[in-house]
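First up is the structure itself, then whatever we jot down about it.
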Amino acid sequence: MTIRPATAADVPAIAALEATAFPEDAWPAGYLADAIAGALLGTGVLVAELDGDVVGHAITSVVFEIAELQRIAVAVEHRRRGVAGLLLAAVRDLAAAQGAPALLLEVRETNAGALAFYERAGFAEIDRRPRYYRNGDTAIVMSLALQGR
Ligand SMILES: CC(C)(COP(=O)(O)OP(=O)(O)OC[C@H]1O[C@@H](n2cnc3c(N)ncnc32)[C@H](O)[C@@H]1OP(=O)(O)O)[C@@H](O)C(=O)NCCC(=O)NCCS
């Protein structure tokens with residue numbers, strides 16, 4: 001398993017993962033290509049590669065020391081094998097290296113799997129945003145303190 005920055009060649013694989021993992025609000029290929037090209041301020045894309053295939057990705061943004069995990073997704077057939085854990089470790093390192101005191105994220109309160117993953121990783125709820133998502137779902141805002149500033 002390799003965790004590395006995404007390249008333009010990874011766009012189709014990441015777009016396919018987005019469509020499966022986030023059917024309601026997948027990032028389109030053009031937006032992903034812009035992020036990978038560095039055209040979206042502070043936004044970075046990491047992929048997990050296994051035997052030449054992209055099996056997961058994470059999108060982060062770090063702007064003025066505010067680090068956010070925009071999304072993280074793993075292919076269904078590769079879940080529960082630690083792939084997201086490896087991606088998250090790389091995101092944490094990246095955010096800490098840029099001086100961010102904490103890593104923030106928003107997750108749907110209905111997304112039990114992701115909530116379990118984030119809680120296991122040490123994230124704690126800091127806020128709730130009712131009707132944050134288009135379908136009326138509430139967002140839970142979570143934060144993870146970063147060490148080694
Ligand atoms: C959430 C997600 C990224 C987790 O990826 P993953 O590679 O399966 O996670 P890991 O294998 O690193 O999980 C580490 C630990 O987190 C917890 N965990 C992960 N997924 C879980 C689930 N569906 N239910 C309960 N606990 C879960 C477990 O404690 C797990 O350890 P274990 O497998 O030894 O029990 C993956 O389920 C996914 O892509 N979901 C769809 C996209 C999504 O909702 N992303 C998050 C919102 S941005």
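Counting convention: from 1, in listed order, for ligands and their atoms alike. Source: prediction; values computed, not measured. The first residue of the sequence shown is numbered 1, and numbering continues consecutively from there.
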Return the [atom1] to [atom2] distance between [X] and [Y], rounded to the nearest 0.5 Å.
X	Y	atom1	atom2	value
Phe117	Leu88	CZ	CG	5.0 Å
Tyr31	Leu40	OH	CG	5.0 Å
Leu86	Met1	CG	CE	6.0 Å
Leu146	Leu103	CG	CG	5.5 Å
Leu115	Thr110	CG	OG1	8.5 Å
Trp27	Phe22	CH2	CZ	10.5 Å

Counting heavy atoms under 4.0 Å, the part of Leu88 that contacts ligand 1 is neither

Tell me, which protein residue and heavy-atom name are nearest [atom], and how many Å apart are they?
atom	value
atom 24 (N) of ligand 1	Arg80 NH1, 3.4 Å
atom 12 (O) of ligand 1	Gly85 N, 2.9 Å
atom 5 (O) of ligand 1	Ala84 CB, 3.1 Å
atom 30 (C) of ligand 1	Arg120 NH1, 3.5 Å
atom 47 (C) of ligand 1	Tyr118 OH, 3.7 Å
atom 14 (C) of ligand 1	Phe117 CD1, 3.7 Å
atom 26 (N) of ligand 1	Ala116 CB, 3.3 Å
atom 37 (O) of ligand 1	Arg79 CD, 3.4 Å

Hey, is ligand 1 close enough to [X] that some N/O pair sits below 3.5 Å?
X	answer
Gly82	yes
Ile72	yes
Val74	yes
Phe22	no
Ala73	no

Of all the atoms in ligand 1, which lie at a distance below 4.0 Å from a heavy atom belonging to Asn111?
43 (C), 44 (O), 47 (C)

Heavy-atom contacts with Arg81 under 4.0 Å: which atoms of ligand 1 show up? List them by number with element.
11 (O)

When you measure from the side chain of Asp53 to the backbone N and O of Val55, does any donor-acceptor pair fall under 3.5 Å?
no

Please determine if Glu49 and Arg4 form a salt bridge, counting it only when a charged side-chain N lies under 4.0 Å from a carboxylate O.
yes

Test side-chain contact (heavy atoms from CB on, under 4.5 Å) applied to Glu106 and Arg71, Gln70, Arg129, the passing residue
Arg129

Restricting to non-hydrogen atoms, name the atom on Leu41 and the atom on Val63 that form the minimum distance, rounded to 0.1 Å.
O-CG2, 3.9 Å

